[in-house]
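Note that this is a predicted model, so its numbers are computed, not measured. Residue numbers begin at 1 in each chain, while the letters A, B, ... track the order of the sequences.
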Amino acid sequence: MPLSIYNTMTRRKEEFVPLSPPLATLYCCGPTVYNYAHIGNLRTYVFEDVLRRTLRFSGYEVRHVMNITDVGHMTSDADDGDDKMQTAAARENKTPWEIALFYEAAFFKDTDRLNIERPEVTPRATGHVAEMIGIIKRLEENGYTYVTSEGVYFDTSRDDEYGKLARLQLDKQRTSRDEVVSDETKRNPSDFVLWFLNKPSHIMKWESPWGTGYPGWHIECSAMSMKYLGDTFDIHCGGVDHIPVHHTNEIAQSECATHHPFVNYWMHGEFLLMNGGKLSKSKLTQQTDDQRPKISTLQTLIDAGYDPLAYRYFCFQAHYRSELNFSLEAMDAATSGLRRVYSLSPNSDPLSGDPTAYAAARERVLNAVYDDLGIPQAVGLLNSYGSFSLWCEFDAILGLDIAERVARQPDAIPEQVAQLVASRNEARKAKDWAKSDQIRNELIALGYEVGDGPTGTTVRSKAL
RNA sequence: GGAGCCGUACCCAAGUGGCUAAGGGAGCGGACUGCAAAUCCGCGAUCCACCAGUUCGAUUCUGGUCGGCUCCUCCA
């Protein structure tokens, strides 16, 4: 069965046919490194990781590029917009470059802990300003730009196909809130900046043919994707929020610069919802009303006692194109579910010794995966088969470290725990149940599971 | 105002024009246990927000209503 994926451009599932097999080229919008990634951001990177693993599983050689945005985007269209990198720098008393480096490292620490593979290329925006200027020059030569006191603009009225990804009806667009200040120098509301000019307070600046300034919000992705993957490449991913503006503008500036199709397949991950709404980085540092720790970054999840891979497994509950509701209860459910997977026994595999049954089961799971990454169905099937070897085979896609965790030797029991077990055994021998129960409670408090079986008492760490 | 998504058991959710509506968690019953925990076995939506329509037949298609969400500002 061929791999099919949902293409936002056509709003249909399509069979994946790469430009130059066995190579599959993939570009994913990466983080803007001015703050920690929250678990909603991370959900999208988990989805993209599953995609690249699935591509490789089906025999492709993956070339995956993800940008690191280390130059801030403006927070609004107008003069008073703050650069996020600059705001963070002021907040933390650092330079923008220090901020970027710090949060880039934090980002990769998180993705590593989630078993998200590093893309083959992770270019930084600040290292590609020359390429961005090159694209703007081509756009200028092709007659798609104009210059105002604010910067160099892309003239969307010159692009007949502008908005095709989001199916925008430009005449019906308008700003939704009063506080959005529109730039008076723009010719059309949908025009966007390619290069900012005359921003004296801005710290990160570069020389350009149009004057000293800094690049616009979208040009870096066009520059870096095309540099590393070519004018046309296979798949471009990102969050659904990127469809109407960011990816729309990427397509416009890329295709008008090269006169080639930019991307063949567009894939978008849906949001993680918390309390019925989306998460935002700006609320990351806010305190909660109640006493419970606020779960918003991977680290807060870990601090609350959850395993990073339990979060990864939690993401597999819902299809990547569906919103997913986060709650501690759901995280607990995912943790219990994963624990069950890790408790699988290689020695009592219901499918071992029956190659026909194994092949049939494998086929069903594979069909689910190849049908636009039907990971929830795949996990459901895997759960009902309960086969260690089948889980392990698909762990190449799931990335849950199943073989390692199942084989992992239990951590050495600390002396303190061993002594408690010994004294509990004595109490049990003497049928001193009160003492026995009391010691058991102590062991539980220390994070151990206590089990009395026919072969004696066993303790096991509650950690996954 | 425009564009789009969603509403399936207590929770997270998959899915289909008609055969028993996945799976996980929680819960319940049983085995096990000194009692538990863990584990194993079993049970669980006569029903897929509501109302019409299309159809021999709809949870699945169409229209409407109600409710929720996202985007049209930076955002995964």
Of all the choices, B:G24, B:C12, B:C35, which nucleotide is nearest to the side chain of A:D437 once you look at every atom?
B:C35
Of the listed nucleotides B:C71, B:C72, B:A36, the one nearest the side chain of A:V245
B:C72
Looking only at B:A36, B:A13, B:C71, the nucleotide nearest the A:A318 side chain is B:A13
Selected nucleotide, minimal atom distance to A:H38 side chain, candidates B:G34, B:A76, B:A37:
B:A76
Within a radius of less than 6.0 Å around CZ of A:R12, do more than 12 heavy atoms belonging to other residues, nucleotides or ligands occur?
no
Take A:S190 and A:N188, measure what side-chain hydrogen bond (donor to acceptor under 3.5 Å, both in side chains) needs, and give me the verdict at the end.
CA-CA 5 Å; A:S190 52; A:N188 311 292; 5.8 Å; no
Those residues that, when tested against A:K205, pass salt bridge (Lys or Arg N to Asp or Glu O under 4.0 Å) (two or more places apart):
none
Heavy atoms from C-beta onward define the side chain here; which of B:A14, B:C12, B:C69 lies closest to that of A:E323?
B:C69
Tell me, what's RNA chain B's dot-bracket, Watson-Crick or G-U with both distances under 3.5 Å, | for other-strand, [ ] crossing?
(((((((..(((.....[....))).(((((.......))))).....(((((..]....))))))))))))....
Checking A:D307, A:V341, A:T335 against A:Y313 for side-chain contact (heavy atoms from CB on, under 4.5 Å), the one that qualifies is A:V341
Polar pair under 3.5 Å, donor/acceptor by atom type, side chain A:R167, base B:G4
no
Just to be sure I understand the rule, does A:H268 reach a base, reach only the sugar-phosphate, or reach nothing, if contact means heavy atoms closer than 4.0 Å?
nothing
Counting only distance, no hydrogens or angles, is the base of B:G34 paired donor-acceptor with the side chain of A:R424 under 3.5 Å?
yes
Ring pair (Phe, Tyr, Trp, His ring centres under 6.0 Å), paired with A:H218, selected from A:F154, A:W195, A:F192
A:F192
Under a 4.0 Å heavy-atom cutoff, the residues of residues 334-349 of chain A touching RNA chain B are A:S336, A:G337, A:R340
Indicate, with a heavy-atom threshold strictly under 4.0 Å, whether A:G269 touches base, sugar-phosphate, or nothing.
nothing
Ignoring hydrogens and angles, tell me if any N or O in the side chain of A:N198 forms a donor-acceptor pair with the backbone of A:S149 under 3.5 Å.
yes
B:A13 OP1/OP2 closer than 4.0 Å to side-chain N/O of A:N325:
yes
What about A:Q317, does its side chain sit under 3.5 Å from the base of B:G23 through a donor-acceptor pair?
yes
From C-beta outward on A:N383, which listed nucleotide comes closest to its side chain: B:C12, B:C71, B:G24?
B:G24
Which of these nucleotides, B:C75, B:C71, B:C35, is closest to any side-chain atom of A:H242?
B:C75
Pair A:K164 + A:D159: basic N to acidic O under 4.0 Å:
no
Does A:Q377 put a side-chain nitrogen or oxygen below 4.0 Å from OP1 or OP2 of B:G15?
yes
Going through the checks in order, is the side chain to side chain contact (heavy atoms under 4.5 Å, CB included) test met by A:R321 and A:H268?
CA-CA 7 Å; A:R321 284 191 286 117; A:H268 293 94; over 6 Å; no
Report yes if a side-chain nitrogen or oxygen of A:N41 is closer than 4.0 Å to either non-bridging phosphate oxygen (OP1 or OP2) of B:A76; otherwise report no.
yes
Salt bridge or not between A:R52 and A:E120? Use side-chain N to carboxylate O under 4.0 Å.
yes
Tell me what A:L272 touches on the nucleic acid: a base, only sugar-phosphate, or nothing, going by heavy atoms under 4.0 Å.
base
Could one point to a donor on the side chain of A:R440 or the base of B:A36 with an acceptor on the other under 3.5 Å away?
yes
Evaluate A:E393 against A:Y358 for side-chain hydrogen bond (donor to acceptor under 3.5 Å, both in side chains), listing each step before the verdict.
CA-CA 11 Å; A:E393 181 171 3; A:Y358 185 92; 2.7 Å; yes
